[in-house]
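Below: the structure, in structure tokens.
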Amino acid sequence: MSLCSYLSDKLDDEKVLEDLTSNVKQIQDHVLKEILTLNANTEYLRRFLHGSSDKDLFKKNVPVATYEDVKLFIERVANGESFDVISGKPITGFLLSSGTSGGKRKMFPHNNKYLENLRFIYYYRSLVISKHIDGLEHGKGMVFNFCTQEYTTPSGLPASSATTSFFKSCYFKNRSSHWHWSFTSPDEVILCSDNKQSLYCHLLCGIIQRDEVVKVGASFISILVRAIIFLENNWKEICTNIRFGRLSEWIIDISCRDSVSKILGKANPELADLVEKECNQKSWEGIIPRLWPKAKFIESIATGQMTQHIPTLEFYSNKLPLISSSYVSSETMFGINMNPLCKPQDVSYTFMPNLSYFEFLLVDASDEVEIVDLVDVKLGCYYEPLITNHSGLHRYKMGDILEVTGFYNSAPQFRFVRRGNLVLSVYLEITTDEDLLNAVTQAKMVLESSDLMLMEFTSYGDISTTPGHYVLYWELKGKYHNDSIEIDNKALVECCYVVEESLNNLYKEFRRDRSIGALEIRVVQQGTFDDLMEFFLTQGASSTQYKTPICIKSSEALTILERKVYARFSTDKSLSLKFSS
Ligand code: AMP
């Protein structure tokens, strides 16, 4: 593309963003009309709208829905019934979300509109970044993109993560004119189904082209931290590959091997020496700018549950600008960060009205249910978004909590506050209180067989270890002996296994590829949970309403627990994984 046409395209693009954010009401009304006209005769909507596409009727009759309300409809299509059970437009696949329902990953239908929206987000968020940072046109991005396992539903449709489905689609394959910069990794590395080979090759390609790298990225910062830790453990092998111009034998994915071998080229001892010198330094502080000296920023989501990983990333990046560029999910895309260079804690996302029809449920202490349109949200209020999309979700409750922080033209901007029911997360998994309670209940049955009872428990997501892992603090009591208890080591190790085995599939997938470490049960002395309660009472908790928190975040509370730990257990027994719709 010539510079002139690049610039004129850029001007048009900027106008697109200005138009979208200035005409929010009209565009939202149009999007709703389009969706209702398409879906009014689906089995799901017909019950409420009787074929009408009228907005007022929609607001009056269509109920707010949770996953449990739509699950059976989605499963029917996954099991082979016609798409028009839920969608007026053919369903081309399913997206597996990190959210879970009954221990299984939630599954959402999708079609090309979803992929178009994702392409829109990729395109415009990089446009916004290139407006704020100069000199990106000719550089490359070292971006840790991966494809995860793809399943096939009984109806023969693919089910995978949203990014996997995008990278395998023609929207990615034919992206040339829709992308602002190229990657250091060939597509074959992204498409490789083995994440370890893929990660190794991403790093190798990124190091070989280190002088061209202007951006380092990953969808979430936990992935980036994991990539750097992997490099810490594997840089010698990478240097050997570069020194001799020979790729490690264990890279056996043929397409990956062929494409990366071409980039590796001939032996390059100078580069190998240089990289070795940097990696050999005692501290890895600032390793990212040391290895990629022209990198101008990191693009990776660092809001919500990811904030916990910021200090580690900043250690490695020497505080290179960290850009959380978009807010996206398996249900829909939401918006873009229009002020990319702001501090991670100040990030807000401007909702784009063309992506879905958005409504907002006011999060309020009173029981009143107030639902407003995107244009009617109020500054400083907290809301949960409700999604009506092009592939079968209507007034779907997302579970995320957002705060309105401002407006870009007439488009509201939201700060991501928290994911509604999240309790534990050390990587990309979501463990809800229900998941954890269920898993501990299963383990209690193992304890039954010994002379032990679980009196109280709480949990903690420990990311000070690599990889991060779950810690459960357990207070035990003998069934028949009040004062002294004898710990049954075998039973407790089995409990660790049963808890992990009972957690959701995403947790188990990450355990299997070692992105999450072995869960630990730490047994504490009797009376510890009384001490914990005393502590929370001194912090203002009410004695009549006190409940042991299912997860502990306060460092003082953790110190109280840690002081009383007298036995620790974990297991490396492998966990089972299954997919069923
Ligand atoms: P998934 O459907 O697995 O892609 O997960 C989507 C969820 O990830 C959202 O509902 C949010 O809870 C979270 N998420 C996505 N983007 C962001 C973001 N920019 N900041 C914070 N959380 C996010």
Side-chain angles (χ1 to χ4, degrees), residues 66-67 74 93-101 104-110 114-115 117-118 121-122 125 128-129 145-149 159-167 217-224 298-310 322-340 342-352 355-356 358 360-361 383-387 389 391 393 396-403 405 413-425 427-432 504-507 509-510:
T66 64
Y67 189 73
I74 295 174
F94 293 89
L95 301 178
L96 297 173
S97 139
S98 53
T100 56
S101 155
K104 285 193 215 158
R105 286 172 77 177
K106 288 183 188 167
M107 188 169 70
F108 296 102
H110 82 90
Y114 182 90
L115 299 176
N117 282 349
L118 192 48
I121 286 282
Y122 279 135
R125 72 183 192 189
V128 171
I129 293 173
N145 285 320
F146 300 95
C147 284
T148 50
Q149 193 171 354
S160 63
S161 71
T163 41
T164 301
S165 126
F166 182 78
F167 291 132
S219 48
F220 290 96
I221 61 170
S222 57
I223 298 179
L224 205 49
I298 290 175
E299 185 185 5
S300 195
I301 292 174
T303 43
Q305 75 200 76
M306 290 298 137
T307 49
Q308 59 180 328
H309 302 285
I310 293 177
L322 171 58
I323 300 180
S324 294
S325 56
S326 57
Y327 172 29
V328 296
S329 74
S330 310
E331 292 89 332
T332 184
M333 311 299 121
F334 297 90
I336 295 176
N337 175 0
M338 301 297 279
N339 183 16
C342 69
K343 294 202 192 94
Q345 60 272 27
D346 296 333
V347 171
S348 285
Y349 301 100
T350 303
F351 271 39
M352 294 292 148
L355 300 173
S356 279
F358 300 111
F360 296 84
L361 190 60
Y383 296 96
E384 177 176 353
L386 306 177
I387 307 308
N389 71 10
S391 47
L393 297 181
Y396 176 82
K397 234 167 161 286
M398 276 300 301
D400 292 342
I401 308 296
L402 313 175
E403 181 195 4
T405 52
Q413 299 178 298
F414 294 89
R415 178 175 76 85
F416 187 94
V417 179
R418 65 187 157 84
R419 190 157 177 160
N421 53 3
L422 167 74
V423 167
L424 276 176
S425 178
Y427 185 54
L428 290 172
E429 84 296 357
I430 301 293
T431 297
T432 65
N504 61 58
N505 257 358
L506 197 57
Y507 174 90
E509 278 175 35
F510 291 141

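Ligands are counted one by one from 1 in listed order, and the atoms in each one are counted from 1 as well.
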task = Using distance alone, with no hydrogens and no angle criterion, decide if Tyr349 and Thr303 have a side-chain donor and acceptor under 3.5 Å apart.
result = yes
inquiry  = Does any part of the side chain of Phe360, heavy atoms only, come nearer than 4.5 Å to the side chain of Phe358, both counted from C-beta?
reply    = yes
inquiry  = Looking at Ser98 and Ile430, would you say the former's side chain and the latter's main chain have a donor-acceptor pair under 3.5 Å?
reply    = no
Ring geometry between Phe351 and Phe414 (parallel below 30°, tilted from 30 to 60°, perpendicular above 60°) = tilted
note = ligand 1 atoms nearer than 4.0 angstrom to some heavy atom of Ser98 are 1 (P), 3 (O), 5 (O)
request  = Quick one: look up the protein heavy atom nearest atom 7 (C) of ligand 1 and list residue, atom name and how far away it is.
outcome  = Arg419 NH1, 3.1 Å
query = With respect to atom 4 (O) of ligand 1, which of Gly335, Ser330, Gly399 exhibits the smallest heavy-atom separation?
reply = Ser330
key: Ligand-side contact atoms (ligand 1) for residue partner Ser329, heavy atom cut-off under 4.0 Å   = 2 (O), 4 (O), 6 (C)
ask   = Would you say Asn337's side chain and Ile323's backbone share a donor-acceptor pair under 3.5 angstrom?
value = no
key: Within reach of ligand 1, part of Ile301 (heavy-atom separation under 4.0 Å)   = side chain
ask   = Quick one: nearest non-hydrogen protein atom to atom 17 (C) of ligand 1, plus distance?
value = Tyr327 CD1, 3.6 Å
note = Val328 heavy atoms within 4.0 Å reach ligand 1 at atoms 6 (C), 15 (C), 16 (N)
request  = Quick one: pull up CG in Leu428 and CD1 in Ile221 and give me the separation to the nearest 0.5 Å.
outcome  = 10.5 Å
query = Which of the listed options, Ser324, Gly99, Ser326, holds the heavy atom that is closest to atom 19 (N) of ligand 1?
reply = Ser326
ask   = With backbone taken as N, CA, C and O and side chain as the heavy atoms from C-beta onward, which portion of Met398 lies under 4.0 Å from ligand 1: side chain, backbone, both, or neither?
value = side chain
task = Give a yes/no verdict on whether any heavy atom in Tyr349 is under 4.0 Å from an atom of ligand 1.
result = yes
query = Considering only heavy atoms of Asp400, which atoms of ligand 1 have at least one such atom less than 4.0 Å away?
reply = 9 (C), 10 (O), 11 (C), 12 (O)
inquiry  = Keeping Arg105 on the side-chain end and Ser97 on the backbone end, is there a donor-acceptor pair under 3.5 Å?
reply    = yes
